[in-house]
There are 2 protein chains.
Amino acid sequence: MVTMKDVAQRAGVSIATVSFLLNDTKPVTAATRARIEQAMLDLGYRRNMVARALASRRTHIIAMAYPALEHRFGMSTSEFFTSAAEAARKEDYHLVLWPVGNDGVELRELLGQGLVDGVVLMEVQLVDPRVDVLRQSGTPFALIGRTTDLDGLSHVDIDFDATVEDAVRHLREHGHHELVLISGDLDDPRFHDYGPWVRTEEAYRRVVASYDLPIRIIPCSDTTQAGKAAAARVLTEYPETTAILVLNEYAALGVVAGLKHTGHDIPGDISVLSLLTVPETAAMADPELTMMRTPGPELGQLGTQALLRQLEGDDPLPPQLVPAKLHPGATVAGPRAPRSKAGAGRRGARKARS
Amino acid sequence: MVTMKDVAQRAGVSIATVSFLLNDTKPVTAATRARIEQAMLDLGYRRNMVARALASRRTHIIAMAYPALEHRFGMSTSEFFTSAAEAARKEDYHLVLWPVGNDGVELRELLGQGLVDGVVLMEVQLVDPRVDVLRQSGTPFALIGRTTDLDGLSHVDIDFDATVEDAVRHLREHGHHELVLISGDLDDPRFHDYGPWVRTEEAYRRVVASYDLPIRIIPCSDTTQAGKAAAARVLTEYPETTAILVLNEYAALGVVAGLKHTGHDIPGDISVLSLLTVPETAAMADPELTMMRTPGPELGQLGTQALLRQLEGDDPLPPQLVPAKLHPGATVAGPRAPRSKAGAGRRGARKARS
DNA sequence: CTGAAAGCGCTTACAG
DNA sequence: CTGAAAGCGCTTACAG
């Protein structure tokens with residue numbers, strides 16, 4: 001292995017000077033620089049990360065911590081991982097993957113090893129013991145997602161309000177005012193207190209109320225089969241519906257399939273707009289789903305950047321809320337027979353949850 | 001930070017003894033052990049990985065290298081990542097993610113940093129410059145996938161032969177002998193020389209020939225839309241078909257949708273068997289796909305284990321070929337009107353590729 | 001602008 | 001079974 005000592009020797013300088021040049025921490029004359037650079041080239045020198053880490057107390061490694069047990073991962077998990085890894089590489093950091101339990105025990109264990117400069121925490125819960133562990137440890141960290149209690153924590157998340165607003169506006173612009181949300185099933189223990197579902201449903205209530213439309217929500221779990229069943233419920237409970245928003249992408253596929261199966265034309269009879277969806281899933285529907293595209297890559301990248309800003313002592317990145325953006329597909333069109341807004345309003349929020 | 005020195009001091013021993021105990025590299029008397037363990041507990045000592053790495057020349061970090069640019073990732077990418085990360089953690093290793101170009105330049109760069117003890121290489125190409133880089137570097141590595149030239153390289157891969165054999169046998173047992181394979185599109189530059197596609201198609205030719213059945217193959221790219229189109233081709237070119245095997249899972253969804261769209265009952269009129277598929281995708285079809293489940297988790301885990309065996313000096317893991325296992329869904333049944341094998345044979349391989 | 005030297009927190013011959 | 005000491009390959013005050 002070629003060491004800094006070898007380079008220094010060949011260039012006729014001290015290893016300190018080589019280090020200063022490499023880190024750009026002290027000025028070096030052009031002549032010295034040239035000699036050192038030539039020596040590095042000749043010898044094929046590569047700076048040893050481990051030694052650097054030990055001496056500088058900065059490893060240039062960050063961790064992506066994610067829930068080990070829960071397997072609710074949608075298709076965008078690999079987007080998080082890869083976009084975070086690429087963002088890290090760009091700043092000359094490495095990303096390690098840490099599967100950790102939600103109780104924070106493993107996380108504390110891993111932090112103790114002193115391997116990482118900071119942590120990006122995925123799938124943050126509304127109340128999250130891992131956040132407390134991170135706080136106590138003094139390790140810099142950034143969240144993808146949000147706890148309820150968020151004072152000054154560096155975080156990025158989906159902008160659920162803007163996403164739902166844009167989605168509803170899109171349907172309104174097409175002339176719809178008989179809307180239903182096929183939401184998540186918050187009674188499912190796996191998703192109890194699941195931030196994205198809670199926040200999306202809250203946003204929907206707010207937005208729809210602001211339009212003076214009735215709040216109609218059908219809970220539904222995250223499967224295609226459940227989506228089919230939910231579509232059937234919409235048809236019987238709210239037959240006047242002209243447009244359906246679907247929270248979960250797998251459910252959305254089921255909604256489309258179910259409606260088609262019962263002889264409904266999409267978007268001729270009913271429009272479907274899938275919230276929090278990735279293109280791969282949207283392309284599986286027929287017709288292709290109109291969707292709000294989950295900003296997975298952006299979140300992975302921004303979460304990493306937020307952490308790296310802290311580590312590099314740059315201006316901190318303010319909390320970023322990224323809306324899912326509308327990607328037009330072929331499941332939204334104008335309603336066949338528009339109804340008056342007044343007529344819709346009267347039907348009220350009967351059967352809506354809570 | 002609590003160091004080994006602190007522990008040694010409190011226990012009244014030298015740091016060497018603490019180290020021997022921790023690494024179990026030399027015997028320590030029960031009394032000494034007890035004192036040291038108590039001291040570690042009292043102080044909350046955690047061994048520093050970085051210092052250990054520098055002194056021992058073993059970082060206990062391995063890398064998962066994957067193609068940075070190509071975005072052919074199916075849903076099982078995160079399965080690779082997470083299963084590999086978990087397998088690594090179990091042996092007290094960390095997994096870093098390395099997005100690297102196919103030319104091996106970035107990989108060489110990263111290896112030079114001396115951060116990792118070994119590399120698991122994903123999405124191995126039939127001819128792969130990254131493998132040469134790894135060979136030259138002297139870093140231990142394991143492949144997920146296979147190069148053409150494989151002398152003694154540690155690798156794991158899907159057992160395409162067994163997978164296709166099982167798939168065809170399953171259809172035969174249901175009484176089918178009018179089969180078509182909707183294969184990959186090897187003319188697509190993204191998939192040119194893509195091992196899984198090449199090997200699956202080869203296996204299919206072999207297996208079907210062994211049954212004395214005609215070789216009927218329709219190329220198709222990896223989208224639902226392409227699957228629909230391919231299904232239409234099957235119907236016009238091989239109207240006698242009673243069962244279709246589909247290489248790509250997204251295409252399989254399109255095949256099902258396309259057949260249903262043209263009024264065919266699945267599996268009543270035609271059976272569909274999806275090769276190399278994950279449950280999430282299978283569940284999106286209606287009826288749910290009968291599939292050969294991609295052994296993503298097994299591959300990630302075995303690839304990591306193969307590498308760790310090398311690193312730990314254990315008996316090397318022999319090359320592992322893991323078949324995709326049959327997961328019955330609802331898209332395979334017996335043919336409505338079985339034809340004689342003789343009748344099928346005569347129609348031959350007209351229009352089949354190459 | 002450059003260098004000598006201490007030190008990061010461990011492991012590992014070597015000696016006893 | 002235990003210890004004193006060198007060394008892993010860097011960074012970083014401190015001095016000049």
Side-chain angles (χ1 to χ4, degrees), chain A residues 1-37 39-40 43-61 92 94 111-117 311-313, chain B residues 1-37 39-40 43-61 92 94 111-117 311-313:
Chain A
M1 169 184 253
V2 182
T3 70
M4 203 173 257
K5 206 164 140 190
D6 301 322
V7 173
Q9 211 151 20
R10 180 175 246 264
V13 298
S14 75
I15 63 164
T17 306
V18 177
S19 178
F20 295 150
L21 174 64
L22 239 31
N23 294 310
D24 198 26
T25 96
K26 298 219 175 157
V28 172
T29 55
T32 314
R33 160 189 300 271
R35 285 215 313 287
I36 295 175
E37 281 173 347
M40 295 200 294
L43 299 171
Y45 172 72
R46 317 259 63 237
R47 192 226 247 97
N48 182 294
M49 264 198 70
V50 178
R52 172 155 82 131
L54 183 58
S56 67
R57 254 140 300 192
R58 308 267 278 94
T59 63
H60 277 240
I61 301 173
D92 215 41
H94 292 264
L111 289 169
Q113 300 185 150
L115 180 69
V116 305
D117 292 339
L311 297 180
E312 298 291 326
Chain B
M1 170 184 252
V2 182
T3 71
M4 203 171 258
K5 207 164 140 190
D6 302 321
V7 173
Q9 213 152 19
R10 180 174 247 263
V13 298
S14 75
I15 62 165
T17 305
V18 177
S19 178
F20 296 150
L21 174 65
L22 239 32
N23 295 310
D24 197 26
T25 97
K26 297 219 174 153
V28 172
T29 56
T32 316
R33 162 189 298 271
R35 286 214 314 287
I36 295 175
E37 280 173 347
M40 294 200 294
L43 299 171
Y45 171 72
R46 317 260 64 237
R47 192 224 250 98
N48 183 293
M49 264 198 71
V50 178
R52 170 155 83 131
L54 182 59
S56 67
R57 255 141 299 194
R58 309 265 280 91
T59 62
H60 277 240
I61 302 172
D92 216 41
H94 293 264
L111 288 169
Q113 298 185 154
L115 180 69
V116 304
D117 292 339
L311 298 180
E312 298 290 327

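As the structure is a prediction and not an experimental result, all values here were calculated from the model. Numbered from 1 within each chain, the chains take letters A, B, ... in sequence-line order.
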So, the side chain of B:Arg52 versus the backbone of B:His60: is there a donor-acceptor pair under 3.5 Å, distance only?
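Flag not set: sc B:Arg52 to bb B:His60 has no pair under 3.5 Å.
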
Sequence neighbours left out, what passes salt bridge (Lys or Arg N to Asp or Glu O under 4.0 Å) with B:Arg46? Give chain and number order.
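Salt bridge (Lys or Arg N to Asp or Glu O under 4.0 Å) check on B:Arg46 returns A:Glu109.
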
Residue pairs, two or more places apart or on separate chains, that pass salt bridge (Lys or Arg N to Asp or Glu O under 4.0 Å) and touch residues 5-15 of chain B
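Listed by first then second residue: B:Arg10-B:Asp42.
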
Hey, could you give me each pair passing salt bridge (Lys or Arg N to Asp or Glu O under 4.0 Å) that has a residue in residues 16-37 of chain B? Not counting sequence neighbours.
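The answer is B:Arg33-B:Glu37.
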
A correct dot-bracket answer for DNA chain C, with pairs being Watson-Crick or G-U at under 3.5 Å, [ ] for crossing pairs and | for inter-strand pairs, is |||.||||||||.|||

Base, sugar-phosphate or nothing for A:Thr32? Non-hydrogen atoms, less than 4.0 Å.
sugar-phosphate

For B:Asn48, what residues pass the side chain to side chain contact (heavy atoms under 4.5 Å, CB included) criterion, not counting sequence neighbours?
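Result, side chain to side chain contact (heavy atoms under 4.5 Å, CB included) vs B:Asn48: B:Met1, B:Val50, B:Ala51.
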
In residues 4-20 of chain B, which residues come under 4.0 Å of DNA chain C by heavy atom?
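The answer is B:Met4, B:Ile15, B:Ala16, B:Ser19, B:Phe20.
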
Give the residues of residues 48-58 of chain B touching DNA chain D, defined as any heavy atom closer than 4.0 Å, sorted by residue number.
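Those residues are B:Leu54, B:Ala55, B:Arg57.
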
Can you name the side chain to side chain donor-acceptor pair (under 3.5 Å) partners of [X], sequence neighbours left out?
X        : result
A:Thr25  : none
A:Gln9   : none
B:Glu312 : B:Tyr93
A:Ser56  : none

Check whether any side-chain heavy atom of [X] sits under 4.5 Å from a side-chain heavy atom of [Y], and report yes or no.
X       : Y       : value
A:Met40 : A:Val2  : no
B:Val7  : B:Val13 : no
A:Leu21 : A:Thr32 : no

Chain B on DNA chain D: first and last contacting nucleotide, 5' to 3', under 4.0 Å to a heavy atom?
D:dC1 to D:dG9

